[in-house]
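Quick notes on the structure that follows.
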Amino acid sequence: MAKACSPKPSELISARIELIDLAASSLDSPLGQSSVPVSVYKKFDKIMKCYIAYAAKRKISFTIDGDSRSQTRGIEHFEMIPLIVIDNAVKYSPNNKSIEIVIREESNLIYATVISLGPKIKELERKSIFEREFRGENAIKSGKSGSGIGLYFAQRLLASIGAKISVEQDDTATTFQTYQYYSTKFKMIFQKS
């Protein structure tokens, strides 16, 4: 099991406030930053470890796997990408479940996938969930709070470095406490530097 980095709740809140501030301001500023080398595996691992103690309150566990240790060209706020995707996975996951992060590479690409259980995303909503202020019907029905800014912002940050994000979901539901969940995969693709 991965060792937790034991973040203070204030650190996670601070990271979320930074996200909101960046999203509320002109996106041209953070996206126009200079390019820096980023280890995709290390960034996802760091954010995952920061969420271990937070998720443990709901008995949600994490695993991270993969053979990629390559770098991509990123920006200063790169950590916001795994923070948003992992935060969403924790938020919508039922208690007592696990979240899996897989980082692998092929040729000149690095793939980062976050796999968890979440509410059904209707086929017509799959592209819309990356639009500003959009929330899927079942995400709203889940009772979890959200503004529809996180995935939009993650997609914008990814696009600024030539990376992509998509979502896939299994068709088979798993029921917990009368609510149906589906295996959900957020896949990100980065160019190796």
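Predicted model only: the values in this text are computed from it and were never measured.
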Notebook entry, point to check: Can you list every pair that meets salt bridge (charged side-chain N to carboxylate O under 4.0 Å, His left out) and has a residue in residues 91-100, with sequence neighbours left out?
Noted result: none
Check: Is there a path of hydrophobic side-chain contacts, each under 4.5 Å between heavy atoms of I, L, V, M, F, W or Y residues, that connects Ile115 with Tyr181?
Finding: no
Checklist line | Evaluation steps, side chain to side chain contact (heavy atoms under 4.5 Å, CB included), between Met188 and Val114 | finding: CA-CA 9 Å; Met188 290 144 279; Val114 177; 4.2 Å; yes
Margin query: Looking at every non-hydrogen atom in both residues, tell me the closest pair between Lys122 and Glu137 and how far apart they are.
Written below: NZ-OE1, 2.6 Å
Notebook entry, point to check: Taking a hydrophobic cluster as the set of Ile, Leu, Val, Met, Phe, Trp and Tyr residues connected by side-chain heavy atoms closer than 4.5 Å, whether directly or through intermediates, do Ile64 and Phe62 fall within one such cluster?
Noted result: yes
Notebook entry, point to check: Could you go step by step and tell me if Arg58 and Val90 meet the side chain to side chain contact (heavy atoms under 4.5 Å, CB included) rule?
Noted result: CA-CA 9 Å; Arg58 293 180 39 219; Val90 171; 4.1 Å; yes
Margin query: Parallel, tilted or perpendicular, judged at 30° and 60°: which one describes the rings of Phe78 and Phe190?
Written below: tilted
Note to self: So, taking the atom named CD in Glu131 and the one named CG in Leu151, what distance separates them when rounded to the nearest 0.5 Å?
What the structure shows: 11.5 Å
Checklist line | Nearest-0.5 Å distance that lies between atom NZ in Lys120 and atom CG in Asp170 | finding: 8.5 Å
Check: Which atom pair, heavy atoms only, marks the closest approach of Lys192 to Ser107?
Finding: NZ-O, 2.7 Å
Check: Side-chain contact, heavy-atom cut-off 4.5 Å: Ile75 with Leu157?
Finding: yes
Margin query: Would you say Tyr179 ends up clustered with Ile60 if hydrophobic residues are merged whenever their side chains have heavy atoms under 4.5 Å apart, either directly or through other cluster members?
Written below: no
Checklist line | Where Tyr92 and Ala139 come nearest, the two heavy atoms and their spacing | finding: OH-CB, 3.7 Å
Item checked: Heavy-atom donor-acceptor pair, Lys187 side chain to Tyr111 backbone, under 3.5 Å -> no
Item checked: Heavy-atom pair with the smallest gap, counting every atom of Arg69 and Glu105 -> N-OE1, 3.6 Å
Note to self: Hydrophobic clusters here meaning ILVMFWY residues chained together by side-chain heavy-atom distances under 4.5 Å, can you tell me if Ile161 and Ile189 are in one?
What the structure shows: no
Next item on the list: Kindly indicate whether the side chain of Lys164, heavy atoms from C-beta on, has any atom under 4.5 Å from the side chain of Leu158.
Entry: no
Next item on the list: Report yes if some heavy atom in the side chain of Asn96 is under 4.5 Å from a heavy atom in the side chain of Lys59; otherwise report no.
Entry: yes
Note to self: As an exercise, state the distance from OG of Ser98 to CG of Leu117, rounded to the nearest 0.5 Å.
What the structure shows: 7.5 Å
Next item on the list: Identify the heavy atoms of Tyr41 and Gly66 that sit nearest to each other, and give their distance.
Entry: CE1-O, 4.1 Å
Next item on the list: Give a yes or no on whether the backbone of Pro119 and the side-chain of Asn138 come within a donor-acceptor separation of less than 3.5 Å.
Entry: no
Check: Can you tell me how far CZ of Phe44 sits from CD1 of Ile110, rounded to the nearest 0.5 angstrom?
Finding: 10.5 Å
Item checked: Electrostatic pair Lys185:Glu168 at N-O distance under 4.0 angstrom -> no
Check: Within a strict 4.5 Å, meaning less than it, do heavy atoms of the Ile47 and Ile81 side chains meet?
Finding: no
Margin query: I'd like to know if the side chain of Ser193 reaches the main chain of Gln71, judged simply by a donor and an acceptor atom lying under 3.5 Å from each other, with no hydrogens or angles considered.
Written below: yes
Next item on the list: Would you check if the side chain of Arg73 reaches a backbone N or O of Gly162 as a donor-acceptor pair within less than 3.5 Å?
Entry: no
Item checked: Crowding at CG, Asp171 (>12 non-hydrogen neighbours, <6.0 Å) -> no
Notebook entry, point to check: In Å, rounded to the nearest 0.5 Å, how long is the span from CZ of Phe186 to OG1 of Thr113?
Noted result: 11.5 Å
Notebook entry, point to check: Just checking, is any N or O donor in the side chain of Thr184 or Gln169 under 3.5 Å from an acceptor N or O on the other one?
Noted result: yes
Checklist line | Spacing of Cys50 atom SG and Asp45 atom CG [to the nearest 0.5 Å] | finding: 9.5 Å
Next item on the list: Indicate if Leu109 and Val85 have the same hydrophobic cluster label, given that clusters are the connected sets of ILVMFWY residues with side-chain heavy-atom separations under 4.5 angstrom.
Entry: no
